[in-house]
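Note that the coordinates shown come from a computational prediction; the quantities given were computed from them, not determined experimentally. Chain naming here is simple, since letters A, B, ... match the order of the sequence lines and numbering starts at 1 in each.
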Amino acid sequence: MHLNDFALAAHAWPFEEARKLLKRVEKRGGSREVIFETGYGPSGLPHIGTFGEVARTTWVRRAFTLMSKAPTRLLAFSDDMDGLRKVPDNVPNQEMLREHLGKSLTSIPDPFGTHTSFGAHNNARLKAFLDRFGFEYEFLSSTECYKSGRFDKALLTVLAHYEKVRDVVLPTLGPERKATYSPFLPVSQKTGVVLQVPVLEWNTERGTIVYEEDGKKEECLVTGGRVKLQWKADWAMRWLALGVDYEMAGKDLISSVELSSKIVRAIGGTPPEGFNYELFLDEQGQKISKSKGNGLSVDEWLTYGTEESLALFMFQKPRVAKKMYFDIIPRAVDDYIAFLELYRTKETAPEQRLENPVWHIHGGKPPEEAYPVSFALLLNLVSASNAHNREVLWGFIRSYAPDASPEANPGLDKLVGYAIKYYDDFVKPTKKYRAPSDKERAALAELAEKLRGFATERDAEKVQFEIYEIGKRHQFEPLRDWFKAIYEVLFGQSQGPRFGSFAVLFGCSETAALIDRALKGEFVSAE
RNA sequence: GAGCCCGUAGCUCAGGGGUAGAGCAUUUGACUUUUAAUCAAAGGGUCCCGGGUUCGAUCCCCGGCGGGCUCGCCA
């Protein structure tokens, strides 16, 4: 059996999607290229949903290429010709933007002052975002498509079916919008504003519409970027013009997809394949919205977890509304590790491997690497052992996995970095250092002296023995109080690692220096 | 009003026509001349309810109930 046959029988959802697409392509006949599209709204700063949509589309695309020889292309389409409806509150130069309300984003100066227009700025941000993850795509600007004439033929087709399109849309509108609705929104010659005005006449022969501006009738061509389509018609026209075969959308767009599908049929096209993925929720089950600032951002995720773990989260159950909040990151990381481990060791048959998320996440080539310890263990270790630098944490890791090393386990080494970041941001702030009592001070000073003598000692038991001796000599009763004092004064927490092991890993001289600093009160005053 | 998703262990969730699963939590044990961590083990479920299909349903179908989200402005 060839990989192609396995793909045809595979159950992972990208293959289910790809088979839908394969049927469509076979029905169409010929071998023209297959077009995948993802779209971005004008408010368009990239967010976690953007990542999800492009990643998911890419997985379907890859699954498809296993089944078909037809060439594929992924279009990242920016709706940068849309009129600016309201001024976003997270950008500078609010006053300036207010003056340009209603104009296309590509006709408005960049409030950040770094690009030729607001639209160009957003596009650059989008592209940088996609490039950061190495997505393979072709960027398309709506404005360019309109102005270059790329959409002209499809625009004239919409004009030729003007009444049909209108009749499809009108029943879905409320009474007041019904009165003014037109699929064509002329761009004002005077102001550049995308006008929402009724179309008074349309002329298929001349390729024009007639509308009224400032009490005067204007006639203009629907081609060449002089007229933009209202968005649902726009979407349909774009599917036709670009020959889009596959596009997924969030659940919030279900009714829009339905309507745009009707429109594209009305103008002689076929709506693309695709499905509606569920939205993400926050910890309380509320929808994640940028304005509320709930849920997680891509940056937040990637601060505490790997890109692969985020990809896995996006891969699993795209049709289920999943809660997305901080606590799920470690689990996603460990789930990824578990899948990778399965892939390396148990699931070596091709038909099994195609079902494994890591196959999709890594485009068919998951890394060979082993993860001898889990991320959950690292997170426990980093706070339990106070091992807040890489070397010490690696020392503790080796006590679990003697053969592991940063060189042999670069992935694990990355996790070490995330664990330390977690420690710095969440564990460290909860630490409460205290000053030692006189008795404790004397004992600690003696311990420091002893450790200096040990210098490069590697035997943890030997060091541990001396710690006990010092504790007993200073009459700590129970002896536990001695250890508690060590942790509270040196680490700012009431429990910690076996101190002998810690000293050996951290270095006896270094540990002595740590005690000196604590006795000088450096940690207490650092609060 | 329309549509979508969810309901499985105390919690968070995975699974899927044939003996019910994980992590965390709980309990016990091992290792520890302090803890934590770690390791081993155990307990814990009417798989929301009712019908149907089936030799067999937690799973598939239909109908409920409960929880949540989205749409019905604009994009």
Enquirer: Provide a list of protein-nucleic acid N or O atom pairs under 3.5 angstrom, restricted to nucleotides 7-14 of chain B.
Expert:
| from | atom 1 | to | atom 2 | distance (Å) |
| --- | --- | --- | --- | --- |
| B:rC13 | O2' | A:Arg331 | NH2 | 3.2 |

Enquirer: Looking at A:Tyr277, is A:Arg56 sitting on its ring face, NZ or CZ under 6.0 Å from the six-membered ring centre and within 45 degrees of the normal?
Expert: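 Ring-cation test returns yes.
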Enquirer: Using heavy atoms to find the nearest nucleotide of RNA chain B for A:Leu381 and A:Lys251 separately, return the residue whose nucleotide is more 5′.
Expert: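 Comparing both residues, the 5'-ward one is A:Leu381.
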Enquirer: On the 0 to 90° scale, with breaks at 30° and 60°, tag the A:Trp13-A:Trp59 ring pair as parallel, tilted or perpendicular.
Expert: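 Taking A:Trp59 first and then A:Trp13, their aromatic rings stand perpendicular (interplane angle over 60°).
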Enquirer: If you measure from the Lys or Arg side-chain nitrogens to the Asp or Glu carboxylate oxygens, is any gap between A:Arg498 and A:Glu461 under 4.0 Å?
Expert: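 Yes, A:Arg498 and A:Glu461 are salt-bridged.
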Enquirer: Look through every strand shown and name the nucleotide pairing with B:rA20 as Watson-Crick or G-U wobble, where both distances are under 3.5 Å.
Expert: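 Answer to the pairing question: none, since B:rA20 forms no Watson-Crick or G-U pair.
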Enquirer: Base contacts versus sugar-phosphate-only contacts with protein, heavy atoms under 4.0 Å: please encode nucleotides 24-36 of chain B as B, S and - from 5' to 3'.
Expert: --------SBBBB
Enquirer: Check the distance between B:rC4's C1' and A:Phe280's CZ and give it to me in whole angstrom.
Expert: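 Atom-to-atom, A:Phe280 to B:rC4, this comes out as 15 Å.
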Enquirer: Using a strict threshold of under 4.0 Å (side-chain N to carboxylate O), is an ion pair present between A:Glu347 and A:Arg353?
Expert: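 Salt bridge flag = no for A:Glu347 with A:Arg353.
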Enquirer: Could you check whether the rings of A:Phe118 and A:His121 sit parallel, tilted or perpendicular, using 30° and 60° as the cut-offs?
Expert: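 Tilted: the ring planes of A:Phe118 and A:His121 meet at 30° to 60°.
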Enquirer: Separation of A:Gln493 atom CD from B:rA37 atom C1', in whole Å?
Expert: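 It works out to 12 Å between those atoms.
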Enquirer: Apply ring-ring contact (aromatic ring centres under 6.0 Å, His included) to A:Phe375 and list each qualifying residue two or more places apart in sequence or on a separate chain.
Expert: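 Listed in chain order: nothing, the list is empty.
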Enquirer: Would you sort out whether A:Phe77 and A:Thr38 count as a side-chain contact (heavy atoms from CB on, under 4.5 Å), showing the intermediate values?
Expert: CA-CA 6 Å; A:Phe77 190 92; A:Thr38 57; over 6 Å; no
Enquirer: By the 4.0 Å heavy-atom rule, please label A:Ile486 as base, sugar-phosphate, or nothing.
Expert: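 If one applies the 4.0 Å heavy-atom cut-off, A:Ile486 turns out to touch nothing in the nucleic acid.
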Enquirer: B:rG44 pairs with which nucleotide, Watson-Crick or G-U wobble, both distances below 3.5 Å?
Expert: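 B:rG44 is unpaired by these criteria.
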Enquirer: Take atom CE of A:Met324 and atom P of B:rC69, then tell me their distance rounded to the nearest Å.
Expert: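 Rounded to the whole Å, the gap is 18 Å.
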Enquirer: Tell me if the centroids of the rings in A:Phe151 and A:Tyr146 come within less than 6.0 Å of each other.
Expert: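 Centroid distance A:Phe151-A:Tyr146: below 6.0 Å, so yes.
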Enquirer: Taking atom P in both B:rG43 and B:rU33, what distance in whole Å separates the two?
Expert: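 Comparing P positions in B:rG43 and B:rU33 gives a spacing of 32 Å.
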Enquirer: If you pin A:Arg319 and A:Asp252 to their nearest nucleotides in RNA chain B, which one's is more 5'?
Expert: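 The residue mapped nearer the 5' terminus is A:Arg319.
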Enquirer: Determine the interatomic distance between P on B:rG7 and the same-named atom on B:rG17; round to the nearest Å.
Expert: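 Nearest-Å result for B:rG7 against B:rG17 at atom P: 16 Å.
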Enquirer: For A:Gly411, does its backbone N or O pair with a side-chain atom of A:Asn409 as donor and acceptor, under 3.5 Å?
Expert: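 Absent.
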Enquirer: Are A:Phe313 and A:Phe280 an aromatic pair, judged by ring center distance below 6.0 Å?
Expert: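 Ring-ring flag for A:Phe280/A:Phe313: true, centres closer than 6.0 Å.
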Enquirer: Has A:Lys439 got its NZ or CZ under 6.0 Å from the middle of the six-membered ring of A:Phe476, at an angle within 45 degrees of the ring axis?
Expert: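 Verdict for A:Phe476: a cation-pi partner in A:Lys439.
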Enquirer: Who are the ring-ring contact (aromatic ring centres under 6.0 Å, His included) partners of A:Phe465, not counting sequence neighbours?
Expert: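 In terms of ring-ring contact (aromatic ring centres under 6.0 Å, His included), with neighbours along the sequence ignored, A:Phe465 is linked to no residue.
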Enquirer: Can you tell me how far C1' in B:rC11 sits from the matching atom in B:rC4, rounded to whole Å?
Expert: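 My reading of the C1' atoms in B:rC11 and B:rC4 gives 26 Å.
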Enquirer: What's the gap between B:rU28 and B:rC69 when it is taken at their P atoms, as a whole Å value?
Expert: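 About 41 Å, rounded to a whole number of Å.
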Enquirer: Applying a 3.5 Å limit to both distances, which nucleotide forms a Watson-Crick or G-U wobble pair with B:rC60?
Expert: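 Partner of B:rC60: B:rG52.
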Enquirer: Going by purine N1 to pyrimidine N3 plus the second Watson-Crick contact, or the G-U wobble pair, all under 3.5 Å, which nucleotide sits opposite B:rA14?
Expert: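 Partner of B:rA14: none found under 3.5 Å.
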Enquirer: On a whole-Å scale, what distance lies between the P atoms belonging to B:rG23 and B:rG63?
Expert: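 So the two P atoms sit 38 Å from each other.
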Enquirer: Take atom C1' in B:rC5 and the same atom in B:rG10, then report the distance between them in whole Å.
Expert: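 One C1' to the other, the span is 25 Å.
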Enquirer: For B:rU70, which nucleotide in any strand shown is its Watson-Crick or wobble partner with both distances under 3.5 Å?
Expert: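 Across any shown strand, B:rU70 pairs with B:rA2.
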Enquirer: Say we look at B:rG15 and B:rG1: how far apart would their P atoms be, to the nearest angstrom?
Expert: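 So the two P atoms sit 33 Å from each other.
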Enquirer: B:rA37 and B:rG45: how far apart are their C1' atoms, nearest whole angstrom?
Expert: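 Roughly 31 Å separates the two C1' atoms.
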Enquirer: So which protein nitrogen or oxygen atoms get under 3.5 Å of nucleotides 72-74 of chain B's nitrogens or oxygens?
Expert:
| from | atom 1 | to | atom 2 | distance (Å) |
| --- | --- | --- | --- | --- |
| B:rC74 | OP1 | A:Arg177 | NE | 3.0 |
| B:rC74 | O2' | A:Arg85 | NE | 2.9 |
| B:rC74 | O2' | A:Arg85 | NH1 | 3.4 |

Enquirer: Is there a Watson-Crick or G-U wobble partner for B:rA36 with both distances under 3.5 Å, and which nucleotide is it?
Expert: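 Looking at the geometry, B:rA36 pairs with no nucleotide.
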Enquirer: With sequence neighbours left out, which residue pairs that include part of residues 319-343 of chain A fulfil the salt bridge (charged side-chain N to carboxylate O under 4.0 Å, His left out) condition?
Expert: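 Non-adjacent pairs meeting salt bridge (charged side-chain N to carboxylate O under 4.0 Å, His left out): A:Glu17-A:Arg319, A:Arg331-A:Asp335, A:Glu341-A:Arg344.
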